[in-house]
Amino acid sequence: MEKLEGLNSPRDVDVTKTKQFIFLELSTWALILLAIFSCLWRNDCNVLMGLIIIITLNRKFKIKPAMYSKIIIHILVGVICIDLIWMFIMWSYWNDSTNKKLYTGTANVLHGWVEFLGVFELIIKGVMIFFVFNIYKNLEHWKGLLNFKYN
């Protein structure tokens, strides 16, 4: 096997053949499909973010897996923070007593469905962070994870 640029020694294995990478890729596709479905009721950036991660995994991850896993972790943490802010704002808005009178019947069911999908998307993103973190931990032993220099 030809030595890849991002690997440290000839004994290192190709990261894209590990179970963690395969589970990461599958959970990313699950997030994309769920985000496409949830885009019918709310606007979110999860479809685009998932596609960026899939493209990164398929095209760049073999070159420098430690750097790109760190980038993916930072993207996922940022998107989780955005989703949590969105959830807190929208849940408080929808559950306000004056707005509760506006949202009845079908609108109330859709809001519950959107909240459920949002929580499920957060769970999938947490699983993705777990797998990317395991890949990063095996490559770099946690050094530089909070450093925002990507070189």
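What you see below is based on every heavy atom in this structure, not just the backbone, and it leaves out hydrogens, waters and symmetry mates. None of the values given here were measured: they were computed from a predicted structure. Residues take their numbers from the sequence shown, with the count starting at 1.
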Looking at [X] and [Y], what are the two nearest heavy atoms and their distance?
X: Ile36; Y: Val47; value: N-CG2, 3.6 Å
X: Val132; Y: Ser69; value: CG1-O, 3.2 Å
X: Glu121; Y: Leu34; value: CG-CD2, 3.4 Å
X: Ser38; Y: Leu117; value: CB-CD1, 3.6 Å

Starting at [atom1] of [X], measure out to [atom2] of [Y] and round the result to the nearest 0.5 Å.
X: Ile54; Y: Asn58; atom1: CD1; atom2: CG; result: 6.0 Å
X: Leu122; Y: Leu76; atom1: CG; atom2: CG; result: 11.0 Å
X: Leu26; Y: Phe131; atom1: CG; atom2: CZ; result: 9.0 Å
X: Ile124; Y: Ile32; atom1: CD1; atom2: CD1; result: 10.5 Å
X: Ile72; Y: Met67; atom1: CD1; atom2: CE; result: 10.5 Å
X: Asp83; Y: Trp86; atom1: CG; atom2: CH2; result: 8.0 Å

State yes or no: do [X] and [Y] share one hydrophobic cluster built from I, L, V, M, F, W and Y residues joined by side-chain heavy-atom distances below 4.5 Å, directly or via other members?
X: Ile75; Y: Val77; value: yes
X: Ile129; Y: Ile52; value: no
X: Leu48; Y: Val79; value: no
X: Leu24; Y: Phe120; value: yes
X: Val127; Y: Val119; value: yes

Is there a side-chain contact between Leu33 and Phe37 in this structure, where contact means two heavy atoms from C-beta onward sitting under 4.5 Å apart?
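With C-beta onward as the side chain, the pair stays apart.
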Within a strict 4.5 Å, meaning less than it, do heavy atoms of the Tyr68 and Ile71 side chains meet?
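Yes - at least one pair of side-chain heavy atoms lies under 4.5 Å apart.
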Out of Lys125, Met49, Met128, which residue meets the side chain to side chain contact (heavy atoms under 4.5 Å, CB included) rule with Thr28?
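Exactly one candidate clears the test, Met128.
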